[in-house]
2 protein chains.
Amino acid sequence: MLHADPVLLRREAEPTQSFYGPAPGSGLRFSLVPMGACIPFARNAEIYAEDEPPEYLYMVAKGAVRSYKLLSDGRRQIEAFYLPGDLFGIEAGDKHRFSAEAISGSTVWVVKRSVVDRVAQRDSAVARELWMLAAQHLARAQDHLLLLARHKAHERIAAFLLEMAKRSGDAEGEVELPMARQDIADYLGLTIETVSRTFTEMVHAATFSLRSTRRVLLRDRAALARLNA
Amino acid sequence: MLHADPVLLRREAEPTQSFYGPAPGSGLRFSLVPMGACIPFARNAEIYAEDEPPEYLYMVAKGAVRSYKLLSDGRRQIEAFYLPGDLFGIEAGDKHRFSAEAISGSTVWVVKRSVVDRVAQRDSAVARELWMLAAQHLARAQDHLLLLARHKAHERIAAFLLEMAKRSGDAEGEVELPMARQDIADYLGLTIETVSRTFTEMVHAATFSLRSTRRVLLRDRAALARLNA
DNA sequence: CGATTCATTGACTAGAATCAAATACCGTGG
DNA sequence: CCACGGTATTTGATTCTAGTCAATGAATCG
């Protein structure tokens with residue numbers, strides 16, 4: 001049963017930590033009042049596909065999601081990764097511009113778009129939050145753009161690791177990467193071989209170390225920051 | 001003297017042509033009721049700078065504008081070009097994320113952000129337009145992203161020319177480029193030499209011809225579209 | 001018309017892609 | 001616990017695209 005006038009989106013106070021795990025520093029920090037369903041997706045399961053009508057607004061509760069596009073020749077570009085607390089899938093147009101898949105087993109909160117629209121129409125604060133959400137996605141896309149246009153492989157990897165560290169609320173420089181090397185490559189506009197080689201070189205340079213394939217320990221943040229500039 | 005409740009933004013009907021020259025197919029087709037000032041900017045004049053507080057919303061009336069960022073090592077990335085009819089400069093945050101300059105002598109409509117905010121608060125249709133605007137900028141940034149991540153020089157040039165043709169409402173495949181080769185290079189993540197060479201090669205391949213340095217005549221749209229895929 | 005900026009062309013280099021193979025990791029079943 | 005098959009990752013050799021450095025040619029503006 002829905003409230004008569006539900007609060008749909010609420011920007012979180014910076015230091016707050018909600019029970020389903022927000023993404024600190026992600027720039028997409030909202031709480032979604034659990035008025036929608038919370039749905040599990042298996043590893044690699046499709047959440048929505050490109051060109052489908054956008055029926056829902058999503059928020060990652062647990063796991064990780066990739067948003068991507070396939071080019072006609074098979075190349076894949078990952079546009080964004082979504083981590084717990086991140087909102088995604090809301091569109092201004094009438095189709096999804098990207099596909100979305102769960103990277104690992106994930107659970108996702110889902111709210112009907114029609115509900116969002118209705119609330120936004122009545123409540124200018126919610127309308128403003130929608131605008132801010134789009135603006136934050138835009139800011140991320142612009143940063144990503146810059147990375148792809150003007151940065152070398154080492155700089156892309158450095159920026160990626162710093163971003164992941166920030167977004168996953170890294171304790172002591174330990175970052176757990178939820179995605180495979182191929183995903184990182186497709187996000188950074190590189191090949192998997194270049195990602196792998198660059199990792200190896202940076203480990204040799206003691207910039208970071210690999211506690212396992214997916215667990216990174218940042219050792220020289222100054223060096224990473226320098227590459228990130 | 002302002003209206004008590006001015007209509008600030010009005011989406012244009014598709015085939016309409018407003019007197020100050022909109023950008024057909026640009027995805028940013030709005031009319032700005034002339035309640036702000038119309039200001040002239042000389043070639044290369046700064047409209048706003050990165051990190052400045054965003055005080056205004058702008059619309060190109062005549063000319064062209066580039067939005068860009070300078071990296072610490074002097075590299076420049078142009079994030080977007082704005083043509084007549086395009087809205088730009090509105091930010092969700094408290095600083096401009098890019099700088100903006102007039103490419104050629106231009107005139108720009110300017111409305112105070114505080115006015116926009118006030119109107120959006122009262123009028124949910126205007127709030128929605130602001131959201132749509134951000135979403136359209138996002139869509140452009142995403143397309144641009146894809147181009148930079150996954151496309152070769154020829155493909156980038158092809159996409160750029162098709163985009164410019166579409167946005168400038170090309171009559172018979174004639175496109176007037178308002179920007180210099182260096183701007184194109186900095187937009188496409190290439191060097192000026194690569195842009196120049198690629199132009200030359202595509203002219204030899206009869207994909208297009210140059211009526212002058214800045215005037216392009218598209219000859220083989222199929223070839224361009226193929227590269228654009 | 002001359003000065004300056006902009007664009008093109010050429011020779012060479014660097015960085016990442018490609019092609020190919022070896023190694024590590026992981027879940028499953030014996 | 002270990003062997004096995006499949007997947008993911010790393011490493012190596014080579015190629016190719018675009019960048020860099022350098023010089024020439026064209027366009028534009030007082």
Side-chain angles (χ1 to χ4, degrees), chain A residues 42-44 64 66 71 73-78 103-105 147-160 176-205 208-216 227, chain B residues 42-44 64 66 71 73-78 101 103-105 147-161 176-205 208-216 227:
Chain A
R43 186 170 118 90
N44 295 328
R66 61 179 165 249
L71 279 68
D73 60 359
R75 289 176 289 190
R76 180 182 69 159
Q77 178 61 34
I78 292 181
I103 290 174
S104 51
L147 201 66
L148 296 174
R150 290 287 175 216
H151 290 270
K152 308 242 178 264
H154 284 79
E155 301 173 314
R156 297 187 200 192
I157 297 289
F160 171 72
E176 170 89 41
L177 302 175
M179 71 292 285
R181 294 289 186 274
Q182 186 64 61
D183 289 331
I184 299 174
D186 288 348
Y187 178 71
L188 294 177
L190 300 170
T191 60
I192 185 175
E193 294 95 330
T194 297
V195 170
S196 182
R197 271 190 259 273
T198 307
F199 266 57
T200 304
E201 285 163 21
M202 290 174 91
V203 166
H204 286 155
F208 61 84
S209 54
L210 290 172
R211 312 203 54 181
S212 76
T213 322
R214 298 283 185 95
R215 290 193 77 80
V216 176
L227 285 168
Chain B
R43 185 171 119 89
N44 295 328
R66 61 178 165 251
L71 279 69
D73 60 357
R75 288 176 289 189
R76 181 182 69 159
Q77 178 60 35
I78 292 181
E101 287 175 355
I103 290 174
S104 52
L147 202 66
L148 296 174
R150 290 289 174 212
H151 290 270
K152 309 243 176 259
H154 284 81
E155 299 173 315
R156 298 187 199 192
I157 297 289
F160 171 71
L161 290 176
E176 171 90 39
L177 302 176
M179 70 292 285
R181 294 288 187 273
Q182 186 64 61
D183 288 332
I184 299 176
D186 289 347
Y187 178 71
L188 295 178
L190 300 169
T191 59
I192 185 175
E193 293 95 331
T194 298
V195 170
S196 184
R197 271 190 260 271
T198 307
F199 265 57
T200 303
E201 285 163 20
M202 291 174 91
V203 167
H204 285 156
F208 60 85
S209 53
L210 290 172
R211 313 202 54 182
S212 77
T213 320
R214 299 282 186 97
R215 290 194 76 81
V216 176
L227 284 168

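Below, read A as the first sequence line, B as the second, and so on, with proteins coming before strands; counting in each chain starts at 1. Model, not experiment: these values are computed from the prediction. Values reported hereafter were calculated over all heavy atoms of this structure, with side chains retained and with hydrogens, waters and symmetry mates removed.
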Length of the line joining A/Arg43:CZ and D/dT7:C1', which is rounded to integer Å: 9 Å
Measure CZ/B/Arg181 against C1'/D/dT28 and give the value in whole Å, please. 15 Å
For D/dT17, take OP1 and OP2 only and decide whether either is under 4.0 Å from a side-chain N or O of B/Thr194. no
Distance check needed: C/dA16 C1' versus A/Arg75 CZ, whole Å only. 15 Å
Take B/Phe199 and B/Lys152, find for each the nucleotide of DNA chain C with the closest heavy atom, and name the residue whose nucleotide sits nearer the 5' end. B/Phe199
With no hydrogens and no angle check, is any side-chain donor or acceptor of A/Arg75 less than 3.5 Å from a backbone partner on B/Arg150? yes
C/dC25, OP1 or OP2 - any side-chain N/O from A/Ser212 closer than 4.0 Å? no
Is there a side-chain contact between B/Thr191 and the phosphate of D/dA18, meaning an N or O under 4.0 Å from OP1 or OP2? no
Sidechain-backbone polar pair: B/Arg181 side chain, B/Thr213 backbone, donor-acceptor under 3.5 Å: yes
State whether A/Lys152 and A/Glu201 are salt-bridged, where the test is any N-O pair (Lys NZ or Arg NE/NH1/NH2 against Asp/Glu carboxylate O) under 4.0 Å. no
Separation of D/dA26 C1' from B/Arg215 CZ (nearest whole Å): 18 Å
Whole angstroms only, please: what is the CG-C1' distance between B/Leu190 and C/dT8? 16 Å
Separation of A/Leu188 atom CG from C/dG15 atom P, in whole Å? 18 Å
Restricting to non-hydrogen atoms, name the atom on A/His154 and the atom on A/Met202 that form the minimum distance, rounded to 0.1 Å. CD2-CG, 3.9 Å
Using atom types as modelled and distance alone, determine if a side-chain donor or acceptor of B/Ser196 lies under 3.5 Å from a backbone N or O of B/Ile192. no
Expressed as a whole number of angstroms, how long is the span from B/His154:NE2 to D/dT17:P? 10 Å
Per B/Glu193 side chain, nearest of listed nucleotides C/dA16, D/dA22, D/dA18: D/dA22
Residue met sooner reading DNA chain D from 5', once A/Arg197 and A/Thr213 are mapped to nucleotides: A/Thr213
Atom CE of A/Met179 and atom P of D/dT9 are separated, to the nearest Å, by 12 Å
